[in-house]
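One structure is given below, encoded as structure tokens.
No experiment lies behind these values; they were computed from the predicted model shown. A note on names: the letters A, B, ... follow the listed sequences, proteins ahead of strands, and every chain is numbered from 1.
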Number of protein chains: 2
Amino acid sequence: MRIGELAARAGTTTRTLRYYESRGLLPARRVGNGYRTYDEDDLRLLEQIRTLQDFGFDLEETRPFVECLRSGHLEGDACPASLAVYRRKLTELDALISDLNAVRAQVGAQLTRAEASLPGGPEPRCELTG
Amino acid sequence: MRIGELAARAGTTTRTLRYYESRGLLPARRVGNGYRTYDEDDLRLLEQIRTLQDFGFDLEETRPFVECLRSGHLEGDACPASLAVYRRKLTELDALISDLNAVRAQVGAQLTRAEASLPGGPEPRCELTG
DNA sequence: CCTGGCCTTGACGCCCACGTCAACGATTAC
DNA sequence: GTAATCGTTGACGTGGGCGTCAAGGCCAGG
């Protein structure tokens with residue numbers, strides 16, 4: 001299939017595919033007229049990339065998965081390098097979530113404090129006044 | 001004080017201060033030679049901006065707080081517009097944290113599954129083999 | 001033959017909060 | 001005097017993953 005069809009089937013754009021190729025992630029064969037041509041395996045590689053991208057993986061982080069598939073494995077995460085990326089990502093996610101929870105707590109506390117200091121006195125929340 | 005001193009006292013750089021000024025967030029008075037000059041109030045404004053930036057607020061989102069301080073309030077969050085930003089940010093944070101937790105769960109599940117499919121069979125985790 | 005729809009490469013734009021450099025003026029220390 | 005240190009404006013660079021032209025080639029239908 002050609003680039004437009006692959007892009008449509010993967011729910012992405014031709015620009016994205018050319019970008020991946022420029023990064024060496026998803027090289028394409030060419031037919032006589034210079035057009036790129038892809039097969040079903042390429043679709044699978046692309047789907048792997050897109051899934052990981054949706055998880056927030058950097059493009060470079062998807063490379064081990066792609067190479068794993070290309071080396072004949074049925075799953076992109078059937079190789080140690082992919083597992084290492086998973087583990088590193090989990091660590092990053094845990095740190096990030098932890099940071100965000102801390103920020104959320106701080107902002108929440110600030111809001112509560114600021115509301116309590118409003119002119120007219122603290123507003124009761126969800127409580128009957130009379 | 002001049003720009004270098006203010007930057008140092010706030011733990012930031014002169015570039016940052018000039019950037020804030022270009023955004024209309026922290027305008028400076030000028031002395032005869034063209035140098036920017038700041039006072040203690042400016043330091044307080046700057047600290048407010050930096051605190052919110054550290055929380056991950058966009059620069060534009062700090063504007064209500066700065067204007068609140070500049071209008072004479074002792075706290076940047078003593079104005080309704082600031083509270084609105086707090087609330088919006090809390091909503092965003094909750095959504096983001098929720099998304100990240102979902103991703104974390106997915107990646108964690110993928111890792112577990114992939115580890116279980118490794119050649120050589122599943123590796124027992126933290127358990128005695130004999 | 002012409003139109004329209006696909007394809008090609010190349011290159012600039014975007015977002016955001018600055019970093020970094022260039023070329024210059026002002027002030028201070030000696 | 002002069003060197004070091006501060007300040008000024010202007011402008012380009014950064015990162016990531018593309019979007020969006022521009023200018024042209026290839027091919028099918030009518």
For this session: May I ask you to decide if B:G76's main-chain N or O and B:S82's side chain share a donor-acceptor pair within less than 3.5 Å?
Result: yes

For this session: Round to a whole Å and report the spacing from CG of A:L25 to P of D:dG17.
Result: 10 Å

Exercise. Can you tell me if the side-chain N/O atoms of A:T14 get under 4.0 Å from OP1 or OP2 in C:dC7?
Worked result: no

All N/O contacts under 3.5 Å from nucleotides 15-17 of chain C to the protein, with atom names and distances to one decimal?
| from | atom 1 | to | atom 2 | distance (Å) |
| --- | --- | --- | --- | --- |
| C:dA17 | OP1 | B:L59 | N | 3.0 |

For this session: Can you tell me the distance, in whole Å, between the CE atom of A:M1 and the C1' atom of C:dC7?
Result: 16 Å

Exercise. What is the distance from CG of A:D54 to C1' of D:dC18, rounded to the nearest Å?
Worked result: 14 Å

Exercise. With no hydrogens and no angle check, do the side chains of B:T14 and B:R18 hold a donor and an acceptor under 3.5 Å apart?
Worked result: yes

For this session: Could you tell me whether A:R9 and A:D42 make a salt bridge, using a distance below 4.0 angstrom between a side-chain N and a carboxylate O?
Result: no

Which atom pairs, one a donor and one an acceptor, fall under 3.5 Å between side chains of residues 98-108 of chain A and the rest of the protein, sequence neighbours left out?
| from | atom 1 | to | atom 2 | distance (Å) |
| --- | --- | --- | --- | --- |
| A:N101 | ND2 | A:I97 | O | 3.2 |
| A:R104 | NH1 | B:D94 | OD1 | 2.7 |
| A:R104 | NH1 | B:D94 | OD2 | 2.7 |

Seminar exercise, completed: Separation of C:dC6 atom P from A:Y38 atom OH, nearest Å, is 16 Å

Check: protein-nucleotides 9-12 of chain D nitrogen or oxygen pairs below 3.5 Å:
| from | atom 1 | to | atom 2 | distance (Å) |
| --- | --- | --- | --- | --- |
| D:dT9 | OP1 | B:R30 | NH1 | 3.3 |
| D:dT9 | OP1 | B:R30 | NH2 | 3.2 |
| D:dT9 | OP2 | B:R36 | NH1 | 2.9 |
| D:dT9 | OP2 | B:R36 | NH2 | 2.7 |

Seminar exercise, completed: Letter by letter from the 5' end, nucleotides 24-30 of chain C scores (B base, S sugar-phosphate only, - none; protein heavy atoms under 4.0 Å) -BBS---

Problem set entry | Contact list for residues 56-66 of chain A, test side chain to side chain donor-acceptor pair (under 3.5 Å), sequence neighbours left out | A:E60-A:R63, A:E61-A:R88, A:E61-A:K89

Exercise. Which angle, to the nearest 10 degrees, lies between the helix axes at the two ends of the helix from C:dC1-D:dG30 to C:dC30-D:dG1, each defined by five pairs?
Worked result: 30°

For this session: Measure the distance from CD on A:E21 to P on D:dG17 and round it to the nearest whole Å.
Result: 17 Å

Exercise. Nearest heavy-atom pair of A:A114 and B:Y86: which atoms, and what distance?
Worked result: CB-CE1, 4.4 Å

For this session: Figure out the CG/P separation between A:L6 and C:dC6, and round it to whole Å.
Result: 15 Å

Exercise. Rounded to the Å, how far apart are A:R63 CZ and D:dG16 P?
Worked result: 13 Å

